[in-house]
Amino acid sequence: HVQLVQSGAEMAKPGASVKVSCKTSGYNFITYGISWVRQAPGHGLEWMGWFSTYNLRAKYPHRLQDRVTLTIDASTTTGYMELRNLTSGDTAVYYCARTDSSGSWWFDPWGQGTLVTVSS
Amino acid sequence: QSVLTQPPSMSATPGQRVTISCSGSYSNIGSNTVTWYQQVPGTTPKLLIYTNNQRPSGVPDRFSGSKFGTSASLAITGLQSEDEADYYCAAYDDSLNGAVVFGGGTKVTVL
C-alpha cells in the first residue's frame, strides 16, 4: 500500500522559511521521483519542483527556483521541501506526490497536504 | 494565468456526457503526454488519466482521455453525483528548462 504522509500545518512570518517533510512507504523509493505541488486557497494547482531519488537531481519552475530547495533522506525514504523568503502569496496547501519520471510525469498518490500560513 | 487553458466550469444532469477541453501549445501538449486529476472539494487530488488516455486501476471506465495536436480532452459519460469535482489537466513543458504545467481547473457541477 503506497503512502505519502506529510508533516503538520505550519505558521510562518514574512521573510522566514518553512520546511515540509513527506514520509513515503509501500514502494521502491528510488524507482520514482517526488514532486511538490501547491494550491493557494480557492486556486488551482502549481508545480513547485521534482526530485529524482535515483540520481539526486532536482528540477524547479523558473519563477520559484531561487526560493525552493528539494531534498531527500533515502535512509528514511523521506522527501523535504524548503521554501525561503516567504510572503503572504505563499499561503497554500503544499502536497508531495510520487512521480513517474520516465516521460509521463504523472503524480500518484499524493500526500494529505500541509497547510502553510504566512502572516505577520 | 495558467499555461494550459480549461473552461472554468461545466454542468450537466446525471447520466449525461461532459467533455472538458484542455488547450496548450507545441512545447507542452504538442510534445508531451497529458495527465488528468480529479479533486473532490476538501480532498487531495487523485490521478484520473495518464499518458493521454490510460486509466489507473480503480478509475471507472466512464472516464476517458484523448489528445490531438496541442489540445486534449477528458470525457465523462454517464455522469454521476460523485463526479462533482474540480478537474485539472497537466503536461510537461519543454520550454524554460522544463516544468510541469497545469490547467486552471474545471469545476463540474452535477445538477
Side-chain angles (χ1 to χ4, degrees), chain A residues 1-6 9 20 22 24 27 32-52 57-66 68 70 81 89 92-115, chain B residues 1-9 20 22 24 27-29 31-59 65 67 72 85-107:
Chain A
H1 176 54
V2 178
Q3 265 194 308
L4 284 76
V5 179
Q6 300 180 221
V20 179
C22 173
T24 74
Y27 69 97
Y32 299 89
I34 297 177
S35 283
W36 291 81
V37 176
R38 69 180 178 180
Q39 185 171 36
H43 285 75
L45 304 173
E46 179 185 13
W47 181 70
M48 295 190 67
W50 160 82
F51 193 93
S52 168
R57 186 166 62 99
K59 184 179 284 291
Y60 306 107
H62 193 260
R63 66 183 292 267
L64 290 173
Q65 63 183 9
D66 293 334
V68 65
L70 304 184
M81 185 283 299
V93 175
Y94 289 74
Y95 296 101
C96 61
R98 186 181 66 159
T99 302
D100 171 77
S101 310
S102 64
S104 292
W105 289 93
W106 49 254
F107 303 155
D108 180 62
W110 296 52
Q112 84 277 19
T114 296
L115 175 62
Chain B
Q1 197 82 354
S2 300
V3 175
L4 305 181
T5 301
Q6 300 179 234
S9 62
I20 301 170
C22 175
S27 64
N28 42 67
I29 295 178
S31 301
N32 298 288
T33 61
V34 177
T35 310
W36 291 89
Y37 300 93
Q38 177 194 58
Q39 186 177 30
V40 175
T43 70
T44 298
K46 169 189 166 185
L47 177 66
L48 204 61
I49 298 287
Y50 66 98
T51 316
N52 304 325
N53 55 17
Q54 301 298 301
R55 280 187 310 275
S57 61
V59 173
K67 182 184 110 166
D86 294 317
Y87 293 85
Y88 295 90
C89 60
Y92 188 80
D93 193 305
D94 294 328
S95 64
L96 291 177
N97 202 35
V100 175
V101 292
F102 286 95
T106 299
K107 180 173 181 56

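By convention in this document, chain letters (A, B, ...) are assigned in the order of the sequence lines, proteins followed by strands, and residues within each chain are numbered from 1. Small disclaimer: the values here were computed from a predicted structure and weren't measured. The figures that follow rest on heavy atoms only: side chains count, while hydrogens, waters and symmetry mates do not.
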Contact listing (chain A partner; residues 46-55 of chain B; heavy atom under 4.5 Å): B:Leu47, B:Tyr50, B:Thr51
Distance-minimising heavy-atom pair for A:Leu45 and B:Pro45: CD2-CG, 4.2 Å
Exercise: identify the closest heavy-atom pair between B:Tyr88 and A:His43: OH-O, 3.8 Å
Check whether [X] gets within reach of chain B through its side chain, its backbone, both or neither, counting any heavy atom under 4.5 Å.
X	result
A:Val37	side chain
A:Gln65	neither
A:Tyr95	side chain

Greater than 12 external heavy atoms within 6.0 Å of B:Asp94's CG: yes
Mutual orientation of the aromatic rings belonging to B:Tyr92 and A:Trp105 [parallel < 30°, tilted 30-60°, perpendicular > 60°]: parallel
Leading residue by heavy atom contact count with chain B [cutoff under 4.5 Å; candidates A:Trp50, A:Trp106, A:Tyr60]: A:Trp106
Region of B:Ser2 in contact with chain A, defined by heavy-atom distances below 4.5 Å: neither
Greatest number of heavy atom pairs closer than 4.5 Å to chain A - which of B:Thr44, B:Asp93, B:Thr43, B:Thr33: B:Thr44
